[in-house]
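For reference, the structure discussed in these notes is given below.
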Amino acid sequence: MEEQPVANGTTMVCVPSHPLIKHWISVLRNEQTPCATFKNAMAELGRLLIYEASRDWLPVVNGEIRTPMGVATVEFVDPHEPIMIVPILRAGLALAEHASSVLPATRTYHLGMRRDEMTLEPSLYLNKLPDKFQEGSHILLIDPMLATGGTVIAAVDLLKDRGVEDKQIKVISAVAAPPALRKLSQKYPGLHVYTGIVDPILNEKGFIVPGLGDAGDRSFGT
C-alpha cells in the first residue's frame with residue numbers, strides 16, 4: 001500500500017496499489033464508459049477500498065469450533081459491534097453498494113448533501129444519522145469525490161456532533177485532490193482517508209482535474 005503524507009497535518013492518506021483499483025479508476029475516468037458500466041466500476045472500486053480500510057480495524061471475537069477433523073481456534077468479526085456505513089448521496093450510494101458483502105455486520109445511515117455550483121458550499125437536504133453513536137463505533141464515511149473538501153468536512157462535523165472521535169472514522173473516496181486533503185489534515189488529526197487516486201488540481205468550478213466528471217450524474221444517468 002502506498003501511503004501519501006499530507007503537509008501541515010497528520011491525516012493519513014492511503015492509496016492502495018492493487019492493480020484492480022487502478023483498473024477500475026481507469027474505467028471510471030473514460031468519458032466513453034456508459035452509465036451502467038460506470039456505476040458497476042464505482043461499486044467494485046468501493047468494495048476494494050472498503051476491504052483495505054477495514055484491515056486491522058474490525059472488532060473481533062476469539063473462540064473454538066469443531067471442524068470435521070478436530071478443534072480449531074478461530075476469530076470472527078464481532079457481529080455485536082457493527083460497522084456504520086455513511087454514504088453521502090447521490091454518488092456515495094454507488095461507491096458503498098458492496099459494503100454489506102465485504103463486512104459481515106453493517107448499518108447504513110444516509111446523508112444527502114448538494115454543492116452550490118456558485119459558492120461551492122454544501123447544503124444538507126437529508127440526515128438519517130442517529131442522535132448519538134454508540135461508544136467505540138467504527139464509521140466508514142463514503143464520499144466519492146474529495147475536491148474542495150466542503151462536503152466531507154460538513155459530514156465529519158455531523159458525526160463528531162454525535163459523539164464520534166477522529167480515530168473512529170475512515171473516509172472512502174474514489175478520487176481526492178490536495179485542497180480537500182489539506183483541510184481534512186488541518187482540522188481532523190488522526191483521520192484516515194482511503195482513495196483510489198490523488199489528482200493534482202481543481203478547475204475554476206471546483207471539479208477535480210483530470211478526475212472523472214460528476215460521479216453522481218455518471219452513476220445514475222441524471
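What you are looking at is a predicted structure, and each value in this text was computed from that prediction instead of being measured. All heavy atoms count here, side chains included; hydrogens, waters and symmetry mates do not.
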Would you confirm whether Gln168, through its side chain, and Ser137, through its main-chain N or O, come within 3.5 Å as a donor-acceptor pair? yes
Check whether any side-chain heavy atom of Lys170 sits under 4.5 Å from a side-chain heavy atom of Leu141, and report yes or no. no
Under 4.0 Å between a Lys/Arg side-chain N and an Asp/Glu carboxylate O for Lys132 and Asp161? no
Using salt bridge (charged side-chain N to carboxylate O under 4.0 Å, His left out), reason through Arg29 and Asp199 one step at a time and then give a plain yes or no. CA-CA 12 Å; Arg29 284 198 191 280; Asp199 277 349; 2.7 Å; yes
Minimal non-hydrogen separation, Ala147 against Gly206, with atom names: CB-O, 3.5 Å
For a 4.5 angstrom cut-off between non-hydrogen side-chain atoms, does Leu95 reach Pro144? yes
Do Arg90 and Thr222 pair up side chain to side chain, a donor and an acceptor below 3.5 Å, judged on atom types alone? yes
Does the side chain of Leu129 come within less than 4.5 Å of Leu158's, by heavy atoms? yes
Side chain of Asn203, backbone of Phe207: donor and acceptor closer than 3.5 Å? yes
Mind checking what makes side-chain hydrogen bond (donor to acceptor under 3.5 Å, both in side chains) contact with Lys128, not counting sequence neighbours? none
Are Leu140 and Trp57 close enough that some pair of their side-chain heavy atoms sits under 4.5 Å apart? yes
How about Glu135: does its CD atom have over 12 heavy atoms from other parts shown lying under 6.0 Å from it? no
Of Leu48, Ile197, Val15, which meets side chain to side chain contact (heavy atoms under 4.5 Å, CB included) against Ile21? Leu48
Is any side-chain heavy atom of Phe133 closer than 4.5 Å to a side-chain heavy atom of Tyr109? yes
Less than 4.5 Å apart, side chain to side chain, heavy atoms only: is that true for Met42 and Asn40? no
Identify whether the distance between the nearest side-chain nitrogen and carboxylate oxygen of Glu97 and Arg47 falls below 4.0 Å. no
Value for CG (Leu191) from NZ (Lys167), rounded to nearest 0.5 Å, stands at 13.5 Å
Check: Leu126 and Met113 side chains under 4.5 Å, non-hydrogen atoms: no
Is Leu49 reachable from Leu20 through a run of hydrophobic residues whose side-chain heavy atoms are each under 4.5 Å from the next? yes
So, does His138 use its side chain to make a donor-acceptor pair with the main chain of Gly136 at under 3.5 Å? yes
More than 12 heavy atoms of other groups within 6.0 Å of Asp131 CG: no
Can you tell me how far apart OG (Ser185) and NZ (Lys183) are? Round to the nearest 0.5 Å. 13.0 Å
